[in-house]
Amino acid sequence: MNERLGRFHRIFKEQTVQDNRFYPFEEIEHKWQSRWAERNLFKTANDGKRPKYYVLEMFPYPSGRLHMGHVRNYTIGDAMARFMRMKGFDVIYPMGFDAFGLPAENAAIKAAREQGIALDPAAFTQRCMDDMVAALKRMGYSYDWDRFLATCYPEYYKWNQLVFLRMFEKGIAYRKKAAVNWCPDCDTVLANEQVIDGKCWRHTETTVEIRQLTQWFFKITDYAEELLNELDNLTGWPEHVRIMQRNWIGRSDGCLVNFELADPRPGEDKNLPIFTTRPDTLYGVTFMVIAPEHPRAFEMAKGTPQESAVREFINRVAIQDRSVRTADDREKEGVWLGREAINPLTGDRIKLFTANFVLMEYGTGCIMAVPAHDQRDFEFAKKYNIPIKIVIRPESEKTISQQQKTYIEEWLRAGMPDDGSGMKGAFIEPGILHNSGPFTGTPSTEGIGKIAQYVADKKIGNKTVQYKLRDWLISRQRYWGTPIPIIYCEKCDAVGEREENLPVVLPTDVSFDAKGNPLRTSKTFIDTRCPKCGAPAKRETDTMDTFVDSSWYFLRYCDPKNTELPFSPEAEQKWMPVDQYIGGVEHAIMHLLYARFYTKVLRDLGFVKCGEPFKNLFTQGMVCKEAPFCPQCNTAIPVNNLTDGKCSRHCCNVEMRSVKMSKSLGNTVDPSALINKLGADSLRLFILFASPAEKELEWSDQGVEGASRFLNRIWRYIMANKEALREGKRLCAQSPFNPNENEAAKKLHRMTHIAIGRVTSDISQRFHFNTAIAACMEFLNGITSFEIKEDEITKKAAFEAVKTLLLLLAPMAPHLMEELMEELGCEDSIATQPWPEFDAQAAAFDEVDIVVQVCGKIKAHLMIPAEADETFVRERALADTRVQQALGGKPIRKAIYVPKKLFNIVV
RNA sequence: GCGGGUGUGGCGGAAUGGCAGACGCGAUGGCCUUAGGAGCCAUUGGGGAAACUCGUGGGGGUUCAAGUCCCCCCGCCCGCACCA
């Protein structure tokens, strides 16, 4: 009985679902995706008559599955591309894959080690790409698939190699010895992102070492100044991204000063150059510090009683992982080298230390230390009993900040003794120079320039600029990347491969079973001949960082099939720069900085004209969903780390918090399941509606259903009124629609233009699809409450409104809008139709609602003709009984009239 | 520590200095139904019977008028972090 009832319900439900709830999205979406493909509708138009517009999304790594973050990114881009096409631009909107990288190689290693089978990263990657392309197509994105590229194809990475060779010739690509992360178990270098808490990602017990290795670098520091300066012109970029880049480049103006080693040994270099931004404190230098990994640190200590202490210290500290060494609670420690130096301005002898807080990579790897006026130096001096020497005194108590005061209160009370006694911290603020030879009495802010000049005049230093930015290490001891086209010859050293021999193709005869770089196991790859002298030689087995691949793919899209050049100058000049780049803020520094750098290099090599690749940048927010959050771990935790609903580690209660969707937390939602359930249009619409595009998006299953309901309401309305609407279309074709013939039609016409105005400005000025969709929802409510009668005028009005609604929603929910447009009897694809023109007059109200306030409190609403003047409004307002009551006969002191909005009476 | 962002109903979020809470979700009541996880209608910030009143993280200020502008403080999020 129950079973029969259940079956009955099911059958019935299916029917009603079809009739009532869901429009046939599957059928419709499939139909239009096929049509777009058949007609190659989104092939980049290039008649040259219309302005170009380049929409680009950050291309994905082919993981094989599309996740919600992709969907959000690409839905924003697609809506923009479709909108701009309708606005009359020649839109170029390409897609491809950032296809080199570790996961494919790791899959091959895993297959080889665990199952003993061979897995080809190329085939593996290709399968993943095929799956993702299918998923992208199911979302209905309007890419020009003819421009598809994948960075792992030799026809793409060939150009990485060509550009590398040209950079090599100009010295922009070079080799140097550098400190890198090294895993002794893997027998290879690791990328920074592969080091987790100082351990290897593959061997969680293995501490990563720092090793000195010879690696390939790109000389991005040569471009530091330009990369910094041009940021000011990138007004189409979010301010916070520009700030991040500025900080990353980290320009600081200062001066190089040469200190000299006291009692130099025969043949020993006595120069000890330092960099400082505070030449005004030079008279206060009481010691110096050299970085432990500085090659001279141990050299100088040799033969002194300190030698063994220094050796012990360097061995311990120089090997430490950077994350350990620079942890925020890291105490400063160091050791005297047993040597002294001379302060060039005072002639004082000062001790020379090595210490963990001085970095080899910045400045000269050696510093002057002024404990009185630098907090770090102060801490170190206190710990090791080094003298403090005051050379700046505060101008007056008033000029000292509250924070600074807490450190130096006692010192001030003691009358500012020169040895800094009483100081709890350094005095780092501006003041008056003290004990500074001829500069005593000068304001320290002026002293900076004056002493720098003095030092320069005495030829012991000069003004310079330092950057935090370091050269880009591009070597990777990995298989799945672009081979670096270099050949090592015993006689000729590192020689570039001949350009006509490019690409240097990745060999397939490699073993993923062995340790180290699989490329080294190839029997065909390594041995070759020197391009210069013809002697037997060996190929470089390092591959390029995959950020190289993604530093110019937007240029290749302009001319993706070119076999002679990476891209033709004509194509580059036609399409570049990218007008709208869209992606996640996680790429704010690395990718965006590298791409800017690479573009400038290509310009200097004569490949491109443009110097900045991305005119406008939009960073979309993350997609978030609730996950258990442990207050003690202070982080979200995966569901399977819960025991009886409590955090397994702390046994404490968890709260639910919205955090970024991630596979590891298990709070993801699979887009393809949603496409199956509600269709791509519903998913697209929800993701655009749920929040402004730049902000975080809180996932809501009910929200998607809401979006789906809205689309269904449009569909049902049009299906129910199809004949009348088609009739309206015919009538409009016969004679123009004049909304003024009928009050209701005029109202609907006004709503139509209000919607056009709102949607257009929301999309084009602010990327606020959420409010654009809200406007469409309101518009639909207006349409459904409009009564279509048997007369011509209401049918025309309804048709105009409905057609406009479809056009406005076409960028966001394209499949259904296409279908419904066809149902109305329109033959052209909606994607090629012009965006509706906004008519401000039609959108204007004849009568407006004026709020009447007495002392800022609302007392009445008045419907007033829009063109009414203040006198008229005042008269009507004062005639209102509630207003009179509120005034209570008191004299009017003032009245403010905001046309068409408000009238405020002050008594 | 430094830099940036952010804080508005039960929830996501709207508001060129001018009616706070558009639009949606959820909830409540009703209609339609053999049925409802469909659809339609209505209500939905708090307090109050009502007139009214209180409400945009907290405290001051400017203004006829402040979520919005200025000053101080607090919470959360994201970068960077011994950069000499």
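All values below were derived from every heavy atom in this structure, side-chain atoms included, with hydrogens, water molecules and symmetry-related copies excluded. As the structure is a prediction and not an experimental result, all values here were calculated from the model.
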Exercise. Between A38(B), A20(B), C40(B), which nucleotide gets closest to the side-chain atoms of R716(A)?
Worked result: C40(B)

Seminar exercise, completed: Closest of A22(B), C19(B), C80(B) to the K468(A) side chain is C80(B)

Problem set entry | Separation between the C1' atoms of U56(B) and U68(B), rounded to whole Å | 10 Å

Problem set entry | Spacing of the P atoms in C69(B) and G79(B) (rounded, Å) | 26 Å

Exercise. What is the distance from CG of N770(A) to C1' of C23(B), rounded to the nearest Å?
Worked result: 9 Å

Exercise. P atom, A66(B) versus G18(B): distance in rounded Å?
Worked result: 11 Å

Exercise. More 5' along RNA chain B: I243(A) or Y467(A), using each one's nearest nucleotide?
Worked result: I243(A)

For this session: Starting from P on A51(B), measure out to CZ on R882(A) and report it in whole angstrom.
Result: 9 Å

Problem set entry | P atoms of G30(B) and A22(B), separation to the nearest Å | 25 Å

Exercise. If only side-chain N and O atoms of R766(A) are considered, is one of them under 4.0 Å from the OP1 or OP2 phosphate oxygen of A15(B)?
Worked result: yes

For this session: Identify whether the distance between the nearest side-chain nitrogen and carboxylate oxygen of K405(A) and E429(A) falls below 4.0 Å.
Result: no

For this session: Measure from NZ on K625(A) to P on C11(B) and round the result to the nearest Å.
Result: 18 Å

Exercise. Taking the same atom, C1', in G21(B) and in G26(B), what whole-Å distance lies between them?
Worked result: 16 Å

Exercise. Using the C1' atom in both, what is the distance from G9(B) to U63(B), to the nearest Å?
Worked result: 28 Å

For this session: Find which nucleotide of RNA chain B each of R657(A) and E379(A) is nearest to by heavy atoms, and output the residue with the more 5' nucleotide.
Result: R657(A)

For this session: Please check if any side-chain donor atom of R316(A) sits under 3.5 Å from a side-chain acceptor atom of N356(A), or the reverse.
Result: no

For this session: Please determine, for the side chain of K695(A), which listed nucleotide (A65(B), G26(B), G13(B)) has the closest atom?
Result: G13(B)

For this session: Look at E333(A) together with K383(A) and state whether they make a salt bridge at an N to O cut-off of under 4.0 Å.
Result: no

Exercise. Taking CD from E239(A) and C1' from G5(B), how many angstroms apart are they, rounded to a whole number?
Worked result: 12 Å

For this session: Assess the side chains of D762(A) and H768(A): does a donor N or O sit below 3.5 Å from an acceptor N or O?
Result: no

Problem set entry | Closest to the Y362(A) side chain, choosing from A84(B), C19(B), G13(B) | A84(B)

Exercise. So does K894(A) get a side-chain nitrogen or oxygen closer than 4.0 Å to the phosphate oxygens (OP1/OP2) of C64(B)?
Worked result: yes

Exercise. C25(B) P sits how many Å from L711(A) CG, rounded?
Worked result: 12 Å

For this session: Determine the Euclidean distance between corresponding P atoms of G3(B) and A81(B); express it in Å to zero decimal places.
Result: 16 Å

Problem set entry | Distance in angstrom units between L902(A) CG and G17(B) P, rounded | 15 Å

For this session: Give a yes/no answer on whether the side chain of S700(A) brings an N or O atom under 4.0 Å of OP1 or OP2 in G24(B).
Result: no

Seminar exercise, completed: Out of A84(B), G18(B), C25(B), minimum distance to the side chain of I896(A) belongs to G18(B)

Problem set entry | Contact under 4.0 Å: R758(A) side-chain N or O vs A15(B) OP1/OP2 | no

For this session: Report yes or no: is the cationic atom of K424(A) (NZ for Lys, CZ for Arg) closer than 6.0 Å to the six-membered ring centre of Y407(A), at no more than 45° off its axis?
Result: no

For this session: Round to a whole Å and report the spacing from CD of E331(A) to C1' of C82(B).
Result: 13 Å

For this session: State which of G18(B), A84(B), C25(B) makes the closest approach to the side chain of Q702(A).
Result: C25(B)

Problem set entry | R242(A) vs G79(B): side-chain N/O to OP1/OP2 distance below 4.0 Å | no

Seminar exercise, completed: The nucleotide from G4(B), G79(B), G18(B) with an atom nearest the side chain of V898(A) is G18(B)

Exercise. Can you name the nearest heavy-atom pair linking N343(A) to L345(A), along with the distance?
Worked result: OD1-N, 2.9 Å

For this session: Output yes when K382(A) and E379(A) qualify as a salt bridge under the 4.0 Å nitrogen-oxygen rule, no when they do not.
Result: no

For this session: Under 3.5 Å for both distances, Watson-Crick or G-U wobble, that's the pair rule; now give the dot-bracket for RNA chain B, with | marking pairs to another strand and [ ] for crossing ones.
Result: (((((((..(((.....[....)))((((((.......))))))(((....)))..(((((..]....))))))))))))....

Exercise. Taking atom types as modelled, is there a side-chain donor on Q466(A) or S252(A) under 3.5 Å from an acceptor on the other?
Worked result: no

Exercise. Between atom CG in N247(A) and atom P in G3(B), what is the gap in whole Å?
Worked result: 10 Å

Exercise. Quantified in whole Å, what is the C1' atom distance between nucleotide G29(B) and nucleotide G17(B)?
Worked result: 40 Å

Problem set entry | No-H, no-angle donor-acceptor pair, K901(A) side chain to U16(B) base, under 3.5 Å | yes

